[in-house]
Every structure is written in C-alpha cells, then in structure tokens.
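Residue numbers start from 1 in every chain, and the chains themselves are labelled A, B, ... in the order their sequence lines are given, proteins ahead of strands.
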Protein chains: 2
Amino acid sequence: MAIKDWLPAAVRAAATERRLTAGEALFRLGDKTAGLCEIVAGRVRLARVDRDGHEIVLHVAGPGDTIAEASLFSPQYHCDAIASTDAVVRIYPKRAVLSAFDRDPKAALAFSATLARQVMGLRTRIEQRNIRSARERVRNYLALNAGADGRTVTLTGTLKDVAAELGLTHEALYRTLAALERVGEIRRAKHMITVARPRRV
Amino acid sequence: MAIKDWLPAAVRAAATERRLTAGEALFRLGDKTAGLCEIVAGRVRLARVDRDGHEIVLHVAGPGDTIAEASLFSPQYHCDAIASTDAVVRIYPKRAVLSAFDRDPKAALAFSATLARQVMGLRTRIEQRNIRSARERVRNYLALNAGADGRTVTLTGTLKDVAAELGLTHEALYRTLAALERVGEIRRAKHMITVARPRRV
DNA sequence: CGGCGTTTTGAGAGAGCTCAACATCGGTGG
DNA sequence: CCACCGATGTTGAGCTCTCTCAAAACGCCG
C-alpha cells in the first residue's frame, strides 16, 4: 500500500525530504512530532532505550514503509528513530495530513483502510511465528503468498530477505527448501517457487 | 483500547449480539461483510483454508479484541471467522460505523488512532519474536512492560498467558524466570515481577 | 475436602543455530 | 574480455537450547 494511494496530492506536495547518515537520529523519544514519515531509501529502526542503556528495537523499516503513523495523534514521539544505514526519508507535515483528513472524510477513511490492512498483515505474521517447525513455517509462507493459481510464489527479494521475514536463519531456509525440493513437494526456478502437489495434507 | 473509547455512542447502540458455539462460523470467506466485530467472551479464530484443505490460522482473538476492522472497507470477508470456544460477539453494522465516520471526522480520526496504536504494538511484538533466546525474550518483555519506575511489571493474567504472548512454552518461561531469580536479576511476588538491578547491561 | 488448572521441576531428544568452507552470480575496472 | 570482488546461495558438522513428555506440589473454588 503505497503512500500515493491514499495520501491526497496536496499533502504529498508539502513533503520535505531529509538525508540521514548511518547512526543519525531522525527523531528522539520526547521530541515534538513532525509528521508522517516515509522511508525512501535505506533502513531506519525504531527503538527505545531501557534503564540499563540497552536498546530495544521495536521495528525496522525499509524503503516504501511508513513510520510514525501514531505520531499524528500524539504531541511527542514515543521512541527513537535511528538510521541503521545511510537513508533518505520523506516527511509529510502532521498539520497538513490532519487537516486533509478533517476536510476530506474520504481521505481519513482511506488512511484507516491502509492501517486496517497493515493490522491484518501483522497479525498474520505474528501467527506465523507461532509455528516452530521451519518446514511448516515455509509451507505456511508458500500457501499464504501463492499467486492466483495457489501454487506459484514469486520472490520479490532475495532468499535472505525471505528468511528474515520468516524469522529463520538463511541457512535453515536453504536447507528446508532443498529438503522440500528433494521430496518433490516444491519445484524451484529463478525467483519462483512452485508447490508441486496441491490438494494434499 | 476499548471500543467505547472511540466508537460513537450512537453506533454502539446499533450493535447486535450473537452467540456462537465452538466450531460455529461467524462468517466465511466471500460472505458479504456485516460490520465491525467485538469479541465479548470466548475465542474466535480468523483462518483461511488452502488448496490442500489445510487451515491456516491468521489470528486468534479473545475478549475485548476487535476483528474485521478491514472488512469496513471491503464488500466481502477475506477469511473465515470460526469460534474456537463457545463465544459471544457484538457486531457494529458497517453502515452505521462508516456513516458516523463520514459525519464526524473526529470519530474517523479516533478510529485511525486506535489502528495506528495497534500497528505499533504488533510491530513491537513481531520484533520481539526475532529474539531467539528465552532469557533475552523475557528480559525484553520485562523492559517493555515495566511500570513507571521502569523496574516493576504487574502481571495481568497468568504466567501461562504471558508464555503464550511471548511465544514460549509455559515450562520454558517458568524455568527462565526461576533462573533469573536464582542469579538475582529479578524478584518475584504475587502477580508482580521486579527487575533487581536496573542500569546494568 | 475434593477437583481442576496453574506452577514447578526433571530427563531426553530433536531442531535450528553457529561456525565454517565453498560455489555461484553479478557487477567493476583494468 | 577477463580477473577480481562482494553478496548471495549452499552444504557440512557440532552444539546449545527449547520443546516434549512426565510427574508432582500448589492454590483456588465449589
């Protein structure tokens, strides 16, 4: 769900861009909230620092992700945002966003819709993490990401990325895929995995 | 974030209640969407059935949770909702909710705010699941749920519930807590856990 | 008092992680 | 065009850690 699909053009035009070097803070806990933030390039992590000075990562956002949605409704940030790599972000001023929502209920609803969709997706991912077995987790992933035919999954990124999304080490993923291919449950091609025998348990 | 905190009273009044027996479907994939649903009692799972006839659980909701937020923006349900136990649910008709949002931007924004907060919480939980070690996961949980003093965590439910939330078996949680207590890192009282030595790594 | 669910501890096994070596691929520059 | 290099992909071996199965103490409620 890209920003441009729901944020009015007028608001998008009001955005400012900012460049961050690795380790630089986009904002800190307690700062006055500026607005919605879209990651254009690089990685930005949201984190809190506990009493021990230990950093607790809440989320890692990459290109296309938005962060600080909740900041629209809060005067201060509730955590730190630190660039993990050199990064470029685009900031949509809070006031512009909120007033657009106020004037245009459609836009507000569209925003709600994207959030509701995000909630769905995140809940699905959490449920996926409850699966212990690497094999089952991969099966789940394939079933959930299968295309229209219900059998073919097109890989957007690298297998390493998939492994991270699944919460597995890349080695474990490679092995599991190899094992599934060995028993004929899947077939693999470049950037594509096909489940060989649907309709089976 | 309880429903009554953001849903206008007029909409709440329009709600209907429904009683489900274990295994009964609240709705099925493809059904026309009725509205927002709040779980009053029992457990309801959201699931999809894949080509193999295998059920993929997307989410399990308990009392106080809302489900089908995204259904407000879709004509049909995208998954099944099945009662895992006998359950009672309250349904807020889609039309009433949407028209309330349309009339009252404040209500729409309040809805967005709860969703944004949910997204935050869910992302945090996902990040937590990336922690492999039971001990680290428990530390993370304690740090994240500490009260105002940053050292004391008050348990709302049973330890078994906490274990489920952490994605650990209850045995693993008991053992980990016992170990942490043994080395003096935490102290435990009835429904309360205190981190003994803050400001340490 | 009796029963049920939570809490606790024990022992064993399996599964994924870690460390390590190597193959493969794509891009870069000479 | 080819050598080089870094990142991705792949496989091996050992080890740690959690899960599983089991049994028992504990606490709460009827």
Side-chain angles (χ1 to χ4, degrees), chain A residues 22 41-43 60 62-63 84-86 125-142 153-194, chain B residues 22 41-43 57 62-63 84-86 125-142 153-194:
Chain A
R43 300 208 160 269
V60 179
S84 290
T85 66
D86 288 356
R125 268 177 78 176
I126 288 192
E127 200 61 42
Q128 154 130 269
R129 295 301 176 93
N130 284 339
I131 302 173
R132 304 274 164 201
S133 147
R135 176 169 295 208
E136 283 308 314
R137 210 180 273 189
V138 170
R139 284 202 183 111
N140 184 288
Y141 173 84
L142 293 176
V153 177
T154 308
L155 302 175
T156 53
T158 67
L159 283 179
K160 271 184 99 165
D161 295 336
V162 175
E165 185 180 335
L166 287 177
L168 296 171
T169 58
H170 56 279
E171 295 101 317
L173 177 60
Y174 293 140
R175 276 189 248 274
T176 304
L177 287 176
L180 289 177
E181 190 168 28
R182 210 173 304 127
V183 299
E185 193 168 327
I186 63 172
R187 259 167 298 162
R188 298 166 68 186
K190 211 176 190 60
H191 295 297
M192 189 174 288
I193 299 179
T194 307
Chain B
R43 298 206 163 273
V57 177
S84 290
T85 67
D86 288 357
R125 268 177 77 177
I126 287 191
E127 201 60 41
Q128 153 128 272
R129 294 300 177 93
N130 284 339
I131 303 173
R132 304 271 163 205
S133 146
R135 175 169 296 206
E136 282 309 314
R137 209 180 273 189
V138 169
R139 285 201 183 111
N140 184 288
Y141 174 83
L142 293 175
V153 178
T154 307
L155 303 174
T156 54
T158 68
L159 284 178
K160 268 185 101 164
D161 296 335
V162 175
E165 186 180 336
L166 287 177
L168 295 172
T169 58
H170 57 278
E171 296 101 316
L173 176 60
Y174 294 139
R175 277 189 247 273
T176 304
L177 288 175
L180 289 177
E181 191 169 26
R182 209 174 304 128
V183 299
E185 192 167 328
I186 63 172
R187 260 169 296 161
R188 299 166 68 188
K190 212 176 190 57
H191 294 296
M192 189 173 286
I193 298 178
T194 308

query = When the distance from NZ of B/Lys160 to P of C/dG5 is rounded to whole Å, what number comes out?
reply = 9 Å
query = Quick one: do B/Glu165 and B/Arg125 make a salt bridge, cutoff under 4.0 Å?
reply = no
task = Would you mind reading off the distance between A/Leu155 atom CG and D/dG9 atom C1', rounded to a whole angstrom?
result = 13 Å
key: Heavy-atom closest contact (B/Tyr141 atom, B/Gln128 atom, distance)   = N-OE1, 3.8 Å
message = How many whole angstroms separate atom OH of A/Tyr174 from atom P of C/dG16?
response = 17 Å
ask   = CD/B/Glu136 to OG1/B/Thr176 distance, rounded to the nearest 0.5 angstrom?
value = 10.5 Å
message = Need the bend value for the helix from C/dC1-D/dG30 to C/dG30-D/dC1: angle between end axes, 5 pairs each end, nearest 10°.
response = 40°
key: Rounded distance (nearest 0.5 Å) linking atom CD1 of A/Ile126 with atom CG of A/Asn130   = 8.5 Å
query = In Å and rounded to the nearest 0.5 Å, what is the CE to CD1 distance from B/Met192 to B/Ile186?
reply = 13.5 Å
task = Indicate the atoms forming the closest heavy-atom contact of A/Ala22 with A/Ser84, along with that distance.
result = CB-O, 3.9 Å
task = Starting at CG of B/Leu180, measure out to CZ of B/Arg187 and round the result to the nearest 0.5 Å.
result = 13.5 Å
remark   = Distance col, row A/Thr194:OG1 vs A/Leu142:CG, nearest 0.5 angstrom, shows 9.5 Å
request  = At under 4.0 Å between heavy atoms, which parts of nucleotides 18-30 of chain D does protein reach? Answer with one letter per nucleotide, 5' to 3': B base, S sugar-phosphate only, - none.
outcome  = SSBBB-----S--
ask   = What integer distance in Å separates A/Arg188:CZ from D/dT8:P?
value = 16 Å
task = Would you kindly give the CD-to-P distance between B/Glu136 and D/dT16, to the nearest whole Å?
result = 18 Å
request  = May I have the distance from B/Asp161 (atom CG) to C/dG5 (atom C1'), rounded to whole angstrom?
outcome  = 12 Å
request  = First locate atom CG of A/Leu166, then atom CG of A/Asn140, and finally report the distance between them rounded to the nearest 0.5 Å.
outcome  = 8.5 Å
request  = Whole angstrom is fine here: how far is it from CG in A/Leu159 over to P in C/dT24?
outcome  = 16 Å
task = Would you indicate what A/Arg137 reaches in the nucleic acid, counting non-hydrogen atoms under 4.0 angstrom: base, sugar-phosphate, or nothing?
result = nothing
